[in-house]
Amino acid sequence: MTRSRMLARPVRQLASTALVALLVAGLLPAPAPAAAAEPAVPDVADALPAIDDGGAGGPGELPSTAYVEWLAHEHDRIDFTPGGRVSVGYKPRANDRWPVGGQAPRALPAGRVAGRDMAKMANGTAWTAPPGRRPATPGAATTPRVPSVQAPVDAPSNDRTIAAAAVSMTAPEPDPAFDLAAASGLRRQVYGFLPYWEVSGASTKLNYDVLSTIAYFSVGATGKGNLKKRDADGTSTTGWGGWTSSGMTQVINAAHRQGTRVVLTVSVFAWTSSQAAVQRAVLGSAGARANLARQVVAAVRDRGADGVNLDFEPLASGYGDEFVALLRTLRSEFNKVRSGYQVTYDTTAYIGNYPLEASVGSRAADAIFVMGYDYRIGSSSTAGSVDPLSGPSYDLADTVRAYKARVPGSRIILGVPWYGRAWSTASDKPRSRTISGLKYGYSTPV
């Protein structure tokens, strides 16, 4: 990749380069951050002025750090060098027994075409024409010309309490054939996000042996279900440019050599009324859902990647069934290529509108990534952890109980923060929690 030129805003490390997700069933020693420098995490409250009452956020839901960073970098322009073909296919580690698509994990093919060919694609197209072939017409390029195998944060702030009703620490356990506790080495799924503004040099900084999945963040979508590959002026979007870059070719090849998956995050936010309108348009149309699924599968298979992560944050009210339909369509389209592609999606710490049970049911998602952070933000009224393990109000333990009351722990990936806040309190007495406010400021992300 060539040097990155960031416009409009200075470069700021995303907390998610140090956000590690762990299955609730157990924990692992944390991997080294993706970036060598200490991350400077922005104030989550920076995003709040952008929130519109017409958005889809429910009680207790606040924008995640990932969304805030996306806002900060939305208008970045980075000189990505288009990449070559991913030459190393994914092969599961010998001790990886976590089911994907209801089956044991399996090897996946290397890239179908070079990133530089994908980078030239127009909006609305799916499969890239390999060199020497005439590009397919839009709408017709929906079937890959490759051998196919058919397979049978956002939580409460300001100490508001949200009741976790009818929760229990017991839940159905996964099939013993996939007992995670029986594995050795990397014994849990460890999930990390790599944003496009951190791709440069990332291949040599990531600790692959303790990362099971790397999620590239992210490429957006339009209301018609088209991945955002081109801006209005015809230039490549930054998200698509990063996905097809030489830097990502290096990351995917390096990850695959270590048995680490790389998936594409597709983000369709709904924190404002205009964003929510796009999300409703995508989910509310069977045609748009099918179009998005085909383009996602093509973007993953062409690139030689291993699945998709959906960041539909928050989920628009009344669209739970349609969201499940999208997950199932994605699974079906992936299986037309080959079984074994991973499907996950992100949720807020407060469950909100997400249809948990159906979302990980038959032919749907493999797991739910719970963004278990930002329980307090810069404008919170009292000092404390951004990720409190216990009380006095709604906390991480409440989140885990609420989710495990509805889905097995083996289907939950718990996102935890590698950042905190330095609070300025009104009193210097021990355990003082009252924020000084305007006199000394609120808090500083660390």
pair [X]-[Y]: side-chain heavy atoms closer than 4.5 Å:
X    : Y    : value
V343 : V308 : yes
I368 : V370 : yes
L283 : L315 : yes

Check against ring pair (Phe, Tyr, Trp, His ring centres under 6.0 Å), F193 and F369:
CA-CA 11 Å; F193 286 87; F369 182 100; 5.0 Å; yes
Can you tell me if [X] and [Y] form a side-chain donor-acceptor pair at under 3.5 Å?
X    : Y    : value
Y375 : T399 : yes
S385 : D387 : no
S218 : T265 : no
T344 : N309 : yes
R106 : S339 : yes

Below 4.0 angstrom, N of the basic side chain to O of the carboxylate: do E357 and R406 qualify?
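Yes.
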Assert yes or no for the condition that the ring centre distance of F312 to F323 is strictly below 6.0 Å.
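Yes, close enough.
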Answer yes if the ring centres of Y319 and Y354 are under 6.0 angstrom apart, and no otherwise.
no
Kindly say whether [Y] contributes a backbone atom to a donor-acceptor pair with the side chain of [X] at under 3.5 angstrom?
X    : Y    : value
N335 : S332 : no
D374 : R376 : no
N226 : T222 : no
K229 : T125 : yes
T329 : A325 : yes
T249 : G84  : yes
W240 : M118 : yes
R112 : T128 : yes
S245 : P82  : no
D96  : W98  : yes

Measure the acute angle between the ring planes of F80 and Y196, then classify it against the limits of 30° and 60° as parallel, tilted or perpendicular.
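Perpendicular: the ring planes of F80 and Y196 meet at over 60°.
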Can you tell which of M121, R294, Q295, R301 makes a side chain to side chain contact (heavy atoms under 4.5 Å, CB included) with W127?
R301
If you measure from [atom1] on [X] to [atom2] on [Y], what distance do you get to the nearest 0.5 Å?
X    : Y    : atom1 : atom2 : value
S246 : R116 : OG    : CZ    : 9.0 Å
F217 : H73  : CZ    : NE2   : 10.0 Å
L292 : L310 : CG    : CG    : 7.5 Å
T213 : D306 : OG1   : CG    : 8.0 Å

Take H256 and N253, measure what side chain to side chain donor-acceptor pair (under 3.5 Å) needs, and give me the verdict at the end.
CA-CA 5 Å; H256 286 174; N253 278 332; 5.5 Å; no
Working note: V300 + V263, criterion side-chain contact (heavy atoms from CB on, under 4.5 Å); need CA distance, chi angles, decisive distance, verdict.
CA-CA 7 Å; V300 169; V263 302; over 6 Å; no
Please check if the number of heavy atoms outside R230 that lie under 6.0 Å from its CZ is greater than 12.
yes
Run the ring pair (Phe, Tyr, Trp, His ring centres under 6.0 Å) test against F269 and tell me which residues pass, sequence neighbours left out.
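Once residues adjacent in sequence are excluded, the partners of F269 under the ring pair (Phe, Tyr, Trp, His ring centres under 6.0 Å) criterion are Y67, W70.
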Is there a side-chain contact (heavy atoms from CB on, under 4.5 Å) between T260 and Y90? Walk through the geometry before answering.
CA-CA 7 Å; T260 298; Y90 169 73; 6.0 Å; no
